[in-house]
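Below is one structure, written out as structure tokens, with a few remarks after it.
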Amino acid sequence: MRSNVNNPLTAVRNLGILAHVDAGKTTVTERFLYATGTTHKRGEVHHGTTVTDYDPQERDRGITIFAAAVSCDWDGHRINLIDTPGHVDFADEVERSLRVLDGAIAVFDAVAGVEPQSESVWRQADRHGVPRIAFVNKLDRAGADLDTAVESIRQRLHPAPLVVQLPIGTEDGFTGVVDLPRMRALVWADGDDTAEEGPVPEALRDEAERRRRRLEEAVAELHPMALEEFCAESTLSARTLAAALRDLTRTGEGVVVLCGSAYRNRGIEPLLDAVVAYLPSPLDVPAVRGTHDGTEQERAADARAPLAALAFKVSATATGRLTYLRLYSGTIQKGDAVLDAGTRRGERIGRILRVQADRHAELDRAVAGDIVAVVGLKSARVGATLCAPTAPLLLEPPSVAEPVVSVAVEARRSTDTDRLATALARLAEEDPSLVVRTDPETGQTVLSGMGELHLEVAVEKIRQAQGLEVTVGRPRVAYRETVVRGVSGLVFRHVKQDGGAGQFAHVVLDMAPLEADDDGVGGAATGFVFRSTVVGGRVPQEYVRAVEAGCRDALAEGPLGGHPVTGLSVTLTDGATHSKDSSEMAFRTAGRLALREAMRTGVMGLLEPVADVTVTVPADAVGGVLGDLAARRGRVSESVARAGAVVIGATVPLAELFGYATRLRSRTQGRGTFTTRPMGYAPAAPDRPVLKGGAPL
């Protein structure tokens, strides 16, 4: 290892590790830290000794729950790495991390290939335009097959996989790889953490040459410079191939695929070399864009430019409140005054920390391209933009998913009510995908999140950190109401006269179900579309906008159970005004009341959230599992035999999945596993009444 702490910007790599649960993300991160000399002992997930899974719940459950940042040096480059969760309930942690990353490593299980959450995080990275390289892990497992895993990447994720390594040995006999671009062999002996470099084994030479040729052809098809050399020379030099692979990775036209076994420390050093060679530096990505006073501006990744930084994570620790920042431009030093562009409040930087999961090293300054934590910010939240007070700029914050599951929480002792409220507020501040509200009818405190495990972890965190005894109600899902049969030509007149200027608004509405094509969503359509076909100026444009605002007000509560309304379109077809009594307020009120009447007149239906469930079970337990899924109103879409087990795909209402983990374990003697992925909304069973607030009867 050759390290250089004072890296120029070209020698910085900000990347994340993305994968499905148990594909080996945290083990890859641990091996990175060990290989770079950052740690001197290899941490193991099953021993609870990893650096990034430092939270007690992560060590107890054996999964990553909270995105953890670490830094290391490799070959003169500074690598800022974020180990992200793989469970679907914590997808919002992945979203916030991807918002500030320049590249990523997608880790795949060599036996399972692309799994449901692998696909989800891949799509998240697509939305953010994050370049990726792929690492097929666990090649030492029984049933591991690189070609099968690569084909699943091609079929399910649709990139052009560019495989640059050939395994030496199979399953338990996996000992190394052939580096195809340089046609060399890297072999790891048992107990040796460093690869021995040598010629390609004679038994693999023909296969290696075939695969090298296939790689050259695939690259030449995608890269003009490589195509030119390939046509002239009938081959590609190692230098041209490396440059083309770097370009294709950064444009997203191809994904470089490497392989290994992180647990046995095989393939880690070549993966680090690939990070340096193929993934972009902050200078290689487009300049960050923001707005100021309605105009769009760019900030280049330059330490001398005005400050622009995004807060992507907030964490309360024993040493104080940590705010994690990605600096896109400029420099910060201890004691600097900065501006929160969203709230227009001034803040002051107390300390700057280089983060190593739960350990920190203090810095005097941080520059563009850095990912650091700062102490001293009092009110900045996740998504806040910190900028120079003399050059304000507002960056787009990370998107926050809408919660789908809720539980009622209360302190067991009434004297702890205030402490619980404070703890819940702090939780929501750290994790924006958690929402805390008070039910107006019952007075209960309701905690909403992305799934059953998400809420379970949040409540347990309160119990452990605050020492509070908390009572938790039965989970509830977020139901929606929609239009099944609409109404045409509904006439509504809003007339109010109580002295002085009155209120007058006359509107004629059509209400119809929203077609899926209207919002681009398959299945049950969601969203709201408002149109106006009024002609002749019978309703002025400012009153049309008021009617739309009133209709949106009416969507907050539907007639069936007070659930939010979605999946409908409203058309304003006619109306009338009064010269003195008409106003925007009058037409807004008319729009709200008219749509409420239309919903009572038409036919409404209930929508419930559904999930795509993938269940992996032994062959002898398939019958019982299928029967249980049918009892939970699940619709089975596929059943595939894979590596001695059967993988069942089904769509199941989210409300039916509470407690499913326990039931699956009992039906499969603990051998069955399942994963879920939100799939939107679908019509609820007509015989399934639901209370207001989403609690099934």
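Nothing fancy with the numbering, it's 1 onward along the sequence.
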Smallest separation among heavy atoms of [X] and [Y], with atom names:
X: Arg182; Y: Arg184; value: NH2-NH2, 2.8 Å
X: Asp92; Y: Ser399; value: OD1-O, 4.1 Å
X: Leu33; Y: Cys72; value: CD2-CB, 4.3 Å
X: Asn80; Y: Ile371; value: ND2-N, 3.9 Å
X: Thr39; Y: Glu30; value: OG1-O, 4.5 Å
X: Ser637; Y: Ala650; value: OG-N, 4.0 Å

Heavy-atom check, side chain of [X] versus side chain of [Y], under 4.5 Å:
X: Leu222; Y: Thr251; value: no
X: Ile79; Y: Leu15; value: yes
X: Leu271; Y: Ile133; value: yes
X: Leu353; Y: Leu363; value: no
X: Phe108; Y: Glu115; value: no
X: Phe90; Y: Leu453; value: yes
X: Asp284; Y: Arg250; value: yes
X: Leu98; Y: Phe312; value: no

Electrostatic pair [X]:[Y] at N-O distance under 4.0 angstrom:
X: Asp172; Y: Arg141; result: no
X: Arg96; Y: Asp431; result: yes
X: Glu217; Y: Arg213; result: yes
X: Arg154; Y: Glu151; result: yes
X: Arg663; Y: Asp628; result: yes
X: Arg212; Y: Glu209; result: no
X: Asp370; Y: Arg354; result: yes
X: Asp83; Y: Lys25; result: no

query: Going through the distances and angles, do Thr29 and Thr26 end up as a side chain to side chain donor-acceptor pair (under 3.5 Å)?
result: CA-CA 5 Å; Thr29 304; Thr26 300; 5.7 Å; no

field: Asp145: side chain to side chain donor-acceptor pair (under 3.5 Å) partners, not counting sequence neighbours
entry: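 For Asp145 the side chain to side chain donor-acceptor pair (under 3.5 Å) partners, ignoring immediate neighbours, are Thr148.
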
- prompt: In Å and rounded to the nearest 0.5 Å, what is the OG to CZ distance from Ser71 to Phe32?
  reply: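 It comes to 13.5 Å.
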
- request: First locate atom SG of Cys259, then atom CG of Leu139, and finally report the distance between them rounded to the nearest 0.5 Å.
  value: 5.0 Å

message: Could you tell me if Arg326 sits above the aromatic ring of Tyr324, with its cationic atom closer than 6.0 Å to the ring centre and no more than 45 degrees from the axis?
response: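 Relative to the ring axis of Tyr324, which defines the angle, Arg326 lies outside at least one limit.
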
query: Between Trp188 and Arg264, is there a cation-pi geometry (under 6.0 Å to ring centre, at most 45° from the normal)?
result: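 Judged by the rule, Arg264 and Trp188 form no cation-pi pair.
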
task: Please list, chain by chain and in numerical order, all residues satisfying side-chain contact (heavy atoms from CB on, under 4.5 Å) with Glu202, sequence neighbours excluded.
output: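 Per chain and number, Glu202 pairs via side-chain contact (heavy atoms from CB on, under 4.5 Å) with Arg205.
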
Would you say [Y] and [X] are linked by a side-chain donor-acceptor pair, where the criterion is simply a distance under 3.5 Å?
X: Glu119; Y: His20; answer: no
X: Glu233; Y: Thr235; answer: no
X: Glu93; Y: Thr84; answer: no

- request: Assess whether side chain to side chain donor-acceptor pair (under 3.5 Å) is satisfied between Glu430 and Ser315, documenting all intermediate values.
  value: CA-CA 6 Å; Glu430 294 182 16; Ser315 177; 4.9 Å; no

task: Take His223 and Glu253, measure what side chain to side chain donor-acceptor pair (under 3.5 Å) needs, and give me the verdict at the end.
output: CA-CA 9 Å; His223 196 278; Glu253 296 177 80; over 6 Å; no

message: Please list all pairs meeting side-chain hydrogen bond (donor to acceptor under 3.5 Å, both in side chains) that have one or both residues in residues 613-623, counting only residues at least two apart or in different chains.
response: Asp620-Arg671

The single option from Val256, Leu236, Val257, Leu162 passing side-chain contact (heavy atoms from CB on, under 4.5 Å) against Leu215: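 The side-chain contact (heavy atoms from CB on, under 4.5 Å) with Leu215 is passed solely by Leu162 among Val256, Leu236, Val257, Leu162.
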
task: Decide yes or no on side chain to side chain contact (heavy atoms under 4.5 Å, CB included) for Glu95 and Gln124, but give the supporting numbers first.
output: CA-CA 7 Å; Glu95 185 74 19; Gln124 286 178 284; 3.0 Å; yes

